[in-house]
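First comes the structure, then the notes that go with it.
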2 protein chains.
Amino acid sequence: MPTNLSASELARLEDLSNSKRTYSTGDYLYRTGDCFLSLHAIRSGSVKTRVLHEDGREQLTSFLMAGEIIGLDAISTDFHTCEAVAMEPCEVCELPFAQMEELSREIPSLQRHLHKIMSREIVRDRGIMLLLGSMRAEERLATFLLNLSQQNAALGMISTQLRLKMSRLEIGSYLGLKLETISRAFSRFQEEGLLQVKARYIEILDLPRLRILAVKS
Amino acid sequence: MPTNLSASELARLEDLSNSKRTYSTGDYLYRTGDCFLSLHAIRSGSVKTRVLHEDGREQLTSFLMAGEIIGLDAISTDFHTCEAVAMEPCEVCELPFAQMEELSREIPSLQRHLHKIMSREIVRDRGIMLLLGSMRAEERLATFLLNLSQQNAALGMISTQLRLKMSRLEIGSYLGLKLETISRAFSRFQEEGLLQVKARYIEILDLPRLRILAVKS
DNA sequence: ACCGTATTTTGACATATATCAAGACGGACA
DNA sequence: TGTCCGTCTTGATATATGTCAAAATACGGT
């Protein structure tokens, strides 16, 4: 997945990531407190991560798709500080981190790539902090949908047709809202002609207006 | 600041970070969009970072003190995605990132340290996402105060006496609340005997109860 | 195709926090 | 010491979102 590597460098990286595992819906890739050995590269399927509060409340912190690297939070403490759950059948490669570090000492472009991945994670989290801290319900949902739309586009799929892998409850947990609020916002968007909502199938009818909503309501 | 380095390794790192700058209150260390060359190590003083929304809303994303490394968000895009402002007079070292990368390829323990710093940032952000997404006002403030208290302890200061460097407005922006809500929460904590509040001087009177509040209200 | 279960929608109502507005306080400076 | 200006507190009220409950709908397994 890093770009501009030579064939032999690429081969060494492949070699490192040969242990591919499959997970069924609901399986944990890791749990809070598990000790950290490997990053996980999602090859197919999708995964959610969540942090748990002592009293049982939880916060979803990301929805991840094929192509993403997951588990970076654990580097700092050598154990996982959140948990990752498969949302559908997944194929995941394990990338032993000690070997990744070793290899990235030898291959500058891999090192750079690793740094970018970590930094991107920080940027993404900051964006969600902005969302959680200063946007209202409909703005949050609009932003969320636009992100999904962009992801679709990046994977070469139709950007206005979304097939959600997560429930209203999960969307709510991610956006800091209750599931009823999510449901009402969907209904409202439909009433206003922004979306066509059929359970988890969403069609974006008015992308420009959705963008305006996401930026400022 | 990385531990277990040899004297010569340390010297090379020192060498790299020789350009120390001072900032006055309100000065920018960098702004959104500035191109990225260096990380910044705060030697003294304190700094806040914030992300800006197109419509002018802003979200404070961190309060940083001496000993912290700042600017990691910019690695992914080669320009800064947030801005950093001095909250009091500061001394800051610039750490040219390209050279940091080079050095960390040669010194595994520096590499490891850099990774831990980035990962810790991710963990911290996740914690704030939990706070913003699923805690109520008083829980947020209690959590915030406990964090400050721990920071004080880590610096060898009295952990129950806090001298805030930020206004109620800034605390609100960080915690996703309005300044009036922060003020009321302080008043309420004082009424209940948890705190002694004198403007920006806060004394924690009942640490255990504050902890309970932070975990579950 | 049908049943049972989980998810989603919708409504009525409760509540936390925001908003607006007025004073009080405190520190910088003459 | 007094004045000014930004910060903070407090009150009255508005509003967005949460809560509780019931019905509608979608979905997986037999």
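Note on naming: letters A, B, ... go to the chains in the order of the sequence lines (proteins, then strands), and numbering restarts at 1 for each one.
Heavy-atom distances to DNA chain D give each of A:Arg140 and A:Lys198 a nearest nucleotide, and the one nearer the 5′ end belongs to A:Arg140.
Of all the residues in residues 171-183 of chain B, B:Gly176, B:Leu177, B:Lys178, B:Glu180, B:Thr181 reach under 4.0 Å from DNA chain C with at least one non-hydrogen atom.
Proximity of B:Glu121 to A:Arg126: side-chain heavy atoms (C-beta onward) are separated by under 4.5 Å at one or more points.
Protein atom CD of B:Gln190 is 9 Å distant from nucleotide atom P of D:dT9, rounded to whole Å. Atom CD in B:Glu138 sits roughly 8 Å away from atom P in C:dT17 (whole-Å rounding). Note: CZ (B:Phe186) to P (D:dC8) measures 9 Å, nearest angstrom. A:Leu132 places its CG atom 13 Å from the P atom of D:dT17, with the value rounded to the nearest Å. One can place CZ of B:Arg188 at 13 Å from P of D:dT10, the figure rounded to the nearest angstrom. Atom CD of A:Glu191 and atom C1' of C:dG11 are 14 Å apart (whole Å). If you measure from atom CG of A:Leu169 to atom P of C:dA6, you get 13 Å, rounded to the nearest angstrom. Taking atom OH of A:Tyr201 as the reference point, atom P of C:dT8 lies 17 Å away to the nearest angstrom.
Each of D:dT9, C:dT17, D:dA26 was ranked by its minimum atom distance to the side chain of B:Ala137; first place goes to C:dT17.
No donor-acceptor pair closer than 3.5 Å links the side chain of A:Thr160 to the backbone N or O of A:Ile204.
Under 4.0 angstrom from either OP1 or OP2 of D:dG6 there lies no side-chain N or O belonging to B:Ser167. For C:dT8, one of the phosphate oxygens OP1 or OP2 lies less than 4.0 angstrom from a side-chain nitrogen or oxygen of A:Arg200.
Of the charged side-chain nitrogens involved, at least one lies within less than 4.0 Å of a carboxylate oxygen, so that B:Glu68 and B:Arg124 count as a salt-bridged pair.
To the nearest 0.5 Å, atoms CD1 (B:Ile75) and CD1 (A:Ile122) are separated by 7.0 Å. Rounded to the nearest 0.5 angstrom, B:Phe63 CZ and B:Met166 CE are separated by 4.0 Å.
The local environment of CZ in B:Arg200 is crowded, with over 12 non-hydrogen atoms from other residues, nucleotides or ligands closer than 6.0 Å. Atom CD1 of B:Ile158 has 12 or fewer neighbouring heavy atoms from other residues, nucleotides or ligands inside a 6.0 Å radius.
Counting non-hydrogen atoms under 4.0 angstrom, B:Arg184 reaches a base of the nucleic acid.
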